[in-house]
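Here the structure comes first, spelled out in structure tokens, and everything after it is commentary.
The shown structure was predicted, so the numbers you read here are calculated from the model rather than taken from an experiment. The chains referred to below are lettered A, B, ... by the order of the sequence lines, with proteins before strands, and numbering in each begins at 1.
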Amino acid sequence: MEDFYKEYILDHYRNPRNFGHLERADAAAEDLNPLCGDKIRFELEIEDGRVKDVRFSGKGCAISQASASMLSESIKGEKLEDVVRMSREAVLENVGIGISPARMKCALLGLKVLKSAALGEIAGWPD
Amino acid sequence: MEDFYKEYILDHYRNPRNFGHLERADAAAEDLNPLCGDKIRFELEIEDGRVKDVRFSGKGCAISQASASMLSESIKGEKLEDVVRMSREAVLENVGIGISPARMKCALLGLKVLKSAALGEIAGWPD
Amino acid sequence: MIATLGSDARARALAKDFPILAQATSRGKRLAFLDSAASSQKPQAVIDSLVHYYTHDNANIHRGVYELAARATEHFEAARAKVAHFINAAEPAEIIWTRNVTEAINLVSYSWGLGNLKPGDAILTSQLEHHSNLVPWQLLAAKTGAELRFIEVDEHGIHQLDDLDERLRGVKLVALSHVSNTLGTIAPLETIIPKAHAAGAVVLIDGAQSAPHMKIDVRALDADFFGVSGHKMCGPTGIGFLYGKRALLEAMPPFLTGGDMIKRVQFTTTTFNEIPWKFEAGTSNIADAIALGAAVDYLEAVGMDWIHAHEQAMTAYALERMRELEPLGLTLYGPPNPADRSGIVSFNLGDAHPHDVASILDTEGVCIRAGHHCTMPLMEKMGWTATARASFYLYNVEEDVEQLIAALRKAAQIFKLG
Amino acid sequence: MIATLGSDARARALAKDFPILAQATSRGKRLAFLDSAASSQKPQAVIDSLVHYYTHDNANIHRGVYELAARATEHFEAARAKVAHFINAAEPAEIIWTRNVTEAINLVSYSWGLGNLKPGDAILTSQLEHHSNLVPWQLLAAKTGAELRFIEVDEHGIHQLDDLDERLRGVKLVALSHVSNTLGTIAPLETIIPKAHAAGAVVLIDGAQSAPHMKIDVRALDADFFGVSGHKMCGPTGIGFLYGKRALLEAMPPFLTGGDMIKRVQFTTTTFNEIPWKFEAGTSNIADAIALGAAVDYLEAVGMDWIHAHEQAMTAYALERMRELEPLGLTLYGPPNPADRSGIVSFNLGDAHPHDVASILDTEGVCIRAGHHCTMPLMEKMGWTATARASFYLYNVEEDVEQLIAALRKAAQIFKLG
Ligand SMILES: Cc1ncc(COP(=O)(O)O)c(C=O)c1O
Ligand SMILES: Cc1ncc(COP(=O)(O)O)c(C=O)c1O
């Protein structure tokens, strides 16, 4: 079978890490993939410019959910500036399965939402 | 050369018969060929349900002008009811040259206008 | 193996008319195209029509006196007559070319809607509608102050008509899809249209999912407007049409304006042309209109009644075969009685997301659609995130269903279902 | 024989790319196609693109996860990027697919115009405009109470700009054709656009007659909107586009609504998608958009600068040869200096009506247009009933001009002119 439904993808899909909401979020964002209706929300707790805690929520396919779940694991303790600079390639590598062009948006929706949460926080910095 | 620019067509084009306006018209109509901008107006003097006199005016190609000019000659003294029933075929035969589909509207614009003038008169009969 | 036996041989022969169906996927799999509700494949005759037009007849229409222009004009207007005959319109002038059914609906919304609705009036549609037959009415309601009302559907997607008379009170426009693209429900138009007319409403039917699949008679239906997309009925992309009754069309102001739809233009005033041209501004999609005429010729040669019967049989067969997968978590949606639905089957497979199911099916050469099918409000009402959808057309054969079932088993295995 | 010598050999070779040009007329005459301003012929590469799409890639775009849908989507969006590059837009998202330039202009009129004009404002256009860039503004003026004003042209069709500053007072929108389809006049946009912007106006350019024939750089021009018809630039019928600056497009409400242009739909409210899709409701003309991309590839391979130079040379040559017929009553219209005009030549032959001239030319295989060319107000201003028009493109060669001249002599003879 194709390599693209590996065990760990299903595991993240059925047992997403950091799923839910934060009691106190410093930054949050959500977006919809208009083509399929998938929705993801990221909430961040920030301390000293670093991600102290993170939750994501929403619904969607195994690829979007697993990608967001893995993403949430990989950013704890990271600097916001680094989160904002995270590359698509890094995320795709993390997901670790071949993603067809048609599913690219699924795999990257989490990253898009996470970055807008982080960017919103950075833009709001001065106050 | 093609048969379709016969001497008499040019003659009718350059010297249209019954061209101009009536002092007292009982019925009149005009129309435009929206595709080329050709315009024709027919005016009729009616007596006892027959065409006593006729004038046409407007501008357009040799085919539309010649067709209208010949038409104006052929209806003097005719009953209005017969004018209304005149067939496209009769007009085309009168014009007497091969008309391509693209020029059909030119050849028949006069008939269309003449019929609406006559129909208007018939419809208005009671008063 | 019951239902399809009768029509399968013919469908197999017809499939040969569609060159794309002979093409294997990049993984070397046979193509099982089960997404015709999104857009159908095209027979060679339609492709040939396009090639012939551009190779022999291409020229701008209506105003040219030379041979090419005359031929182009003749074929273009002949295609309009074919389409008029296809849906039994009274005359070709009642057919207005549009890009697709979406533009047809928008034309009515702008041209008829803005002039005929006011606060206190209502528009009635249903909970089943495609966004294209919903969003234009939301905006029209917002612009005119009219109320937007819905015919409810039950959990199978069947229209609830008990309180129809009440819901029709004050309604000036009823806008309904003939067949639901998500659930396949056939709307009970023979009940609704007479009541709508009795209530004084004008009726627009979204025929996107019916015209390709069953014989349409707009006069028997007594629809006031009827919109169709050519790309779903073997025609090319970029062409569709709006049928409208002459009296309505004549009373409506133009929508798009510009070349070809005018009678006379002066610097500050303009007189508009007669229907249908009043609504066709600018150079039409000439080649695709002619090719849609070729599609209509093709469909009529096959026979709309045969197409409908074949799809009913295919659907009954598919539903039967898919029920075998219920132990693996397969859930079927839509009207339980195959006679109430057309060749569209929405389903879900356990907790596998339809996107993932579709991706796995793709690796097996099976093309289905997954998502909200442009009916988000219906999905929300039903409480579904998304569904997978297989849809059938004249070229589908038993083998497509076999391939679907086998691929679904594979998906269930990957998702460890059952 | 002077001007064309340089480019004729290449044009002769290019003409072989256009299969229709090899076809003789029903009377067995060589085809001299001199009506590209109405609609151009199509190179084999464009026809092949259509065939390839329907034979190998056809599927509805954006929402499909299977291979065909992914390929169709990829090619469709790649075509948008090609078009964006062709006119030097900043990004593909600034290109909105439309049926033709007429729809592009109407989109701006409805979406930008209705929200941005009020009584006291003015729209400035010119006396040269095609109905498609005039009637929408007449209606917009009537709807909003804005005033419609005109830049005058002289007897050669040249814009009179002496009082431009004054005419720009209160103007919110300037809508001009880049090149006149009747007289070939090239508008002095480098003068008008900066002044229009200084006066606070937004500028829409109707590029129907420029984009097919010369290199367009919307950013160098600083046009806010730029509309184009694909069928006049070697592309298929039914596809064109609107370029708009991102900030303007983002601020505009959608025009047509329905599937594909939404982000989220609920029963009563809707959130719209991002540009460009916000403006593309319903299934797009996928195949023709991709084929327009193929047309752009073709034009760029030939070279827009070469095309422009070839047409200038052809026009200079044609004008020179046509002047030989002045003793027979031939009158030429338009800017006297060939550098001020594109490859369009309007004329009349004595008192012969242009329709009759065109019919006689048709019997000789020469395709020209006759009539008002959708510029009735210009004709009325100039006092012309109609004109005959020959127009040139990359595939026209000296022989086409020879054939035109010979056929005109025949027409003069039939009409006993000279
Ligand atoms: C200057 C100009 N504007 C607009 C148009 C309208 O183009 P279309 O009919 O392709 O929308 C034309 C074509 O005839 C034109 O020449
Ligand atoms: C019921 C229904 N209405 C409208 C549409 C919109 O069709 P198009 O995108 O061709 O305008 C569709 C197609 O998806 C449909 O199924």
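Residue contact with chain D, scored on non-hydrogen atoms closer than 4.5 Å, is absent for Ala208(C). Interface remark: Leu256(C) contributes backbone and side-chain atoms alike to the contact with chain D (heavy atom separation under 4.5 Å). Of the atoms belonging to Leu361(C), not a single heavy atom falls under 4.5 Å from chain D. Neither the backbone nor the side chain of Asp48(C) comes within less than 4.5 Å of any heavy atom of chain D. In this structure, chain D has heavy atoms under 4.5 Å from both the backbone and the side chain of His56(C). With a 4.5 angstrom heavy-atom cutoff, Gln127(C) touches chain D via backbone and side-chain atoms both. Residue Arg389(C) does not touch chain D at all, counting heavy-atom pairs closer than 4.5 Å. In this structure, chain D has a heavy atom under 4.5 Å from the backbone of Ile61(C), while its side chain stays farther away. Only the side chain of Glu380(C) comes within less than 4.5 Å of a heavy atom of chain D; its backbone N, CA, C and O stay farther away. Heavy atoms closer than 4.5 Å to chain D are found in both the backbone and the side chain of Gln41(C). Proximity to chain D is absent for every atom of Thr375(C), based on heavy atoms less than 4.5 angstrom apart. Residue Ser26(C) touches chain D through both its backbone and its side chain, counting heavy-atom pairs closer than 4.5 Å. Looking at Phe267(C), both its backbone and its side chain come within 4.5 Å of chain D, counting heavy atoms on both sides. With a threshold of 4.5 angstrom between heavy atoms, Asn100(C) approaches chain D through side-chain atoms but not through N, CA, C or O.
Looking at heavy atoms from C-beta onward, Leu68(D) lies in side-chain contact with Ile20(C) at the 4.5 angstrom threshold. A 4.5 Å side-chain heavy-atom check between Met261(D) and His131(C) finds every atom pair outside the cut-off. Side-chain contact between Tyr54(C) and Leu50(D) is present, with at least one heavy-atom pair separated by less than 4.5 Å. Taking the side chain as every heavy atom from C-beta outward, Asn60(C) and Arg369(D) approach each other to under 4.5 Å. In this structure the side chain of Phe272(C) reaches within 4.5 angstrom of the side chain of Val135(D), judged on heavy atoms. The shortest side-chain heavy-atom distance between Ile47(C) and Thr55(D) falls under the 4.5 Å cut-off. Met376(D) places a side-chain heavy atom less than 4.5 Å from the side chain of Ile262(C).
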Self-check item: Test side-chain contact (heavy atoms from CB on, under 4.5 Å) applied to Thr102(D) and Thr283(C), step by step
Solution: CA-CA 8 Å; Thr102(D) 301; Thr283(C) 301; over 6 Å; no
Practice problem: For Gln138(D) and Thr269(C), run side-chain contact (heavy atoms from CB on, under 4.5 Å): C-alpha distance rounded to whole Å, both residues' side-chain angles, the deciding distance at 0.1 Å, then the answer. | Solution: CA-CA 7 Å; Gln138(D) 289 181 346; Thr269(C) 60; 5.5 Å; no
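Between Tyr110(C) and Tyr110(D), the ring planes lie perpendicular to each other; the angle is over 60°, past the 30° to 60° tilted range.
Donor-acceptor pairing under 3.5 Å is recorded for the side chains of Asn285(C) and Thr237(D).
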